[in-house]
2 protein chains.
Amino acid sequence: MAPTSKTNRVTIKTVAADAGVSVAAVSKVLRDAYGVSDALRARVQASMEKLNYRPHAGARAMRGRTYTLGILLPDMRNPFFADILAGVNEALERTQYQTMIGVSRSAETIEMSLIDSMIDRQMDGLIMIGPRMPPETAEAVSTRIPTAVVGYHVPQLATLDTANNDDVAGAAQVVRHLATNGYRRITMVTLAVPTKNVVVTVQRERGYREAMKERGLAQHINIVPADQTAREVQTAVRHLLESRHRPEALFCWTDMVALHALSVAKDLGLSVPGDLAIVGYDNTIYCDLAQNSLTSVDQSGQVLGLQAARLLIERIDGRQQGDHFVVSPRLVVRGSSRPRPS
Amino acid sequence: MAPTSKTNRVTIKTVAADAGVSVAAVSKVLRDAYGVSDALRARVQASMEKLNYRPHAGARAMRGRTYTLGILLPDMRNPFFADILAGVNEALERTQYQTMIGVSRSAETIEMSLIDSMIDRQMDGLIMIGPRMPPETAEAVSTRIPTAVVGYHVPQLATLDTANNDDVAGAAQVVRHLATNGYRRITMVTLAVPTKNVVVTVQRERGYREAMKERGLAQHINIVPADQTAREVQTAVRHLLESRHRPEALFCWTDMVALHALSVAKDLGLSVPGDLAIVGYDNTIYCDLAQNSLTSVDQSGQVLGLQAARLLIERIDGRQQGDHFVVSPRLVVRGSSRPRPS
DNA sequence: CTGATCGTGTAGAACGGTATACGTAGAACG
DNA sequence: CGTTCTACGTATACCGTTCTACACGATCAG
């Protein structure tokens, strides 16, 4: 038996009685609704304070808003997501909204079941971060609940809002930087997902491809997919670095992969960047550690999170057309991609 | 206006009508309650399936359970917490329970407001991970909502359950290992928090102190506090490594600190472990990367999470006495603490 | 002076479930 | 054969809010 301690919960009725007004009046004060005098408001607020009243979210969910936003995260391990969350929190600081996080472990089935349970819990809106679902599904979701999405390219949709960095440009910057520093055999390590244009990795692959052609390196284009797990990544990279035509540089779709690549390189006795340059994406805190000194693309996760939250609230408040925020990525050069000794 | 689309929501009434039974009967099936025949159950379940019915969490919260557990996390950046979450998820896989995560950013005020909002949302129970609050507060929380806590030492309390590793033993293992490998000036880098015995860091400090004395190194005992932020940690470590009597080894209370220490050491041109041994705690995924090769203490986050979830559900189901799970930590030796060259 | 308008507050029906109390039919029992 | 028990279902009060409809007094326009 869950001890709901029904004995003496302070409800809206208690407050109303204490303040000597009707329940409806208290509700109005709570919702900041029209038709309350300053005097009444003050009286009610004093009572709420005194009784330490807190509205019951479940009851609220029956009719109105819950003032809770759901956040869908692919995994807990990527520190980049922490930046995004920080931005979301910043945006919500001055509002009534709270967040609840769900972790999908990058599986579409878990993703969908989490979305369902967020809807069951009457979340007012949903922020999805790098979802795995196809765009039709995303659109379907957005018709059921106001939705904003980070790291997912669907600028054509009007039913949901997006916040992205320009992944094509970011990847292109990486390639140009490496090419300028004398690297030619640049291989990209990407994520093994069904090729859908909406996913950030596919956008980065495009940027990589285009920039390689632009620099006359088309014959060196090589995109290697690897799964999310540490083992998969390491075996893929190891295989690559032990091959006869070892790449001169690796462009990894995310920092975590780049860190694994650094590890494998070190294991194989290769020096970075002497024998191999490595570049990541996201510019997470680990890049700056001296033992990594990893060149990476900063896509301002905090800004993305902040904008996504802002857009979502606008939409909850009634906006109908899609709004799509884009930030320019910025290459942060560190030791792992210093000019190639000729 | 949030589109609550009241038009055609499938409720328990719809299901009851479709199955040709009463609302109460459907509710019984939902709750797996006593007094339903197999035939009725089957019929109702078929209807629910057909109509794609999903119970409304808010409505449920008014009287019964929400089947949702709140999880309180100090921060998103420590990968150790991902292990714990994995364990919790594992434990809940076969149950009806779902989780909602809140991040307190290590601030007691945020912590308390998150707890309040979890209670407002009628969570059936709460798992707190490494909370910052004093034990009296934790006890107060546990009287309001069934609570299990990970990484928080309050074995004397009966109102809440705990899952811990033996932090004293873990720290002692580190010191003994370093001492055996020839290190004498072993300094501990800990977290700057008000000294409360319940916190893991304080327990680890105790283990460090005891083991140092045991090995006759009492005169080298040195515990340096540093805040959670990257900058604070780095300046503290830098100050330490530039001092006249530079320590021979650093025992860091968590891996993140150890990684920063590695970075500072590399910056200062110190070789690890040649000039300085470094040991962390938690054995997170980063320890195993070759560029870190960090000796660390494994406290099986997954097991802790799993046990915490198990204990919490037991308590929700009515257990009154406290249950306290303890796992033995295991030292994982890597390159950063190899024997000292004499 | 009359009716309309405005500002403020109240009453009470939802909302979608849960849980209690109770009805009923058939079986078991003496 | 009457009584009690058991198994299964139903009717309905209730949970704590929101929100629509409306009441009421004061002010204002004509």
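Order of the sequence lines fixes the chain letters, A, B, ..., with proteins taken first and strands second; residue numbering starts at 1 for each chain.
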Open item on the list: Mind checking if A/Ser27 touches a base, just sugar-phosphate, or nothing, with heavy atoms under 4.0 Å?
Closed with: base
- [ ] Side chain of B/Arg9 only, please: which of D/dC8, D/dT17, C/dG17 is the nearest?
- [x] C/dG17
Open item on the list: OP1 or OP2 of D/dG16 versus the side-chain N and O atoms of A/Thr11: is any pair under 4.0 Å?
Closed with: no
Open item on the list: From the set D/dT18, C/dT18, D/dA7, return the single nucleotide nearest to any side-chain atom of A/Leu30.
Closed with: D/dT18
Open item on the list: In this structure, which stretches of DNA chain C are paired as stems of three or more consecutive Watson-Crick or G-U pairs, both distances less than 3.5 Å?
Closed with: C:1-30 with D:1-30
Task: Separation of atom OH in A/Tyr34 from atom P in C/dG7, rounded to whole Å - done: 4 Å
Open item on the list: For a quick check, tell me whether the side chain of A/Arg60 and the base of D/dT17 share a donor-acceptor pair closer than 3.5 Å.
Closed with: no
TODO: Report the nucleotide, chosen from C/dG17, D/dT18, C/dC15, that has the shortest atom-to-atom distance to any side-chain atom of A/Ile12.
DONE: D/dT18
Open item on the list: Pick the closest DNA chain C nucleotide for A/Asp38 and for A/Val23 by heavy atoms, then say which residue is nearer the 5' end.
Closed with: A/Asp38
Task: Side chain of A/Val36 (C-beta onward), nearest among C/dG17, C/dG9, D/dC15 - done: C/dG9
Task: Among C/dA19, D/dG16, D/dG9, the one nearest B/Arg63 by side-chain distance - done: C/dA19
Task: Touch class at under 4.0 angstrom, heavy-atom based, for A/Lys13 against every strand present - done: nothing
For residues 48-55 of chain A, which side-chain donor-acceptor pairs fall under 3.5 Å, sequence neighbours excluded?
unit_1, atom_1, unit_2, atom_2, d
A/Lys50, NZ, A/Asp18, OD1, 2.9
A/Lys50, NZ, A/Asp18, OD2, 3.4
A/Arg54, NE, B/Asp120, OD1, 3.1
A/Arg54, NE, B/Asp120, OD2, 2.9
A/Arg54, NH2, B/Asp120, OD2, 2.6

- [ ] Select base, sugar-phosphate, or nothing to describe what A/Arg54 touches, counting heavy atoms under 4.0 Å on all strands.
- [x] sugar-phosphate
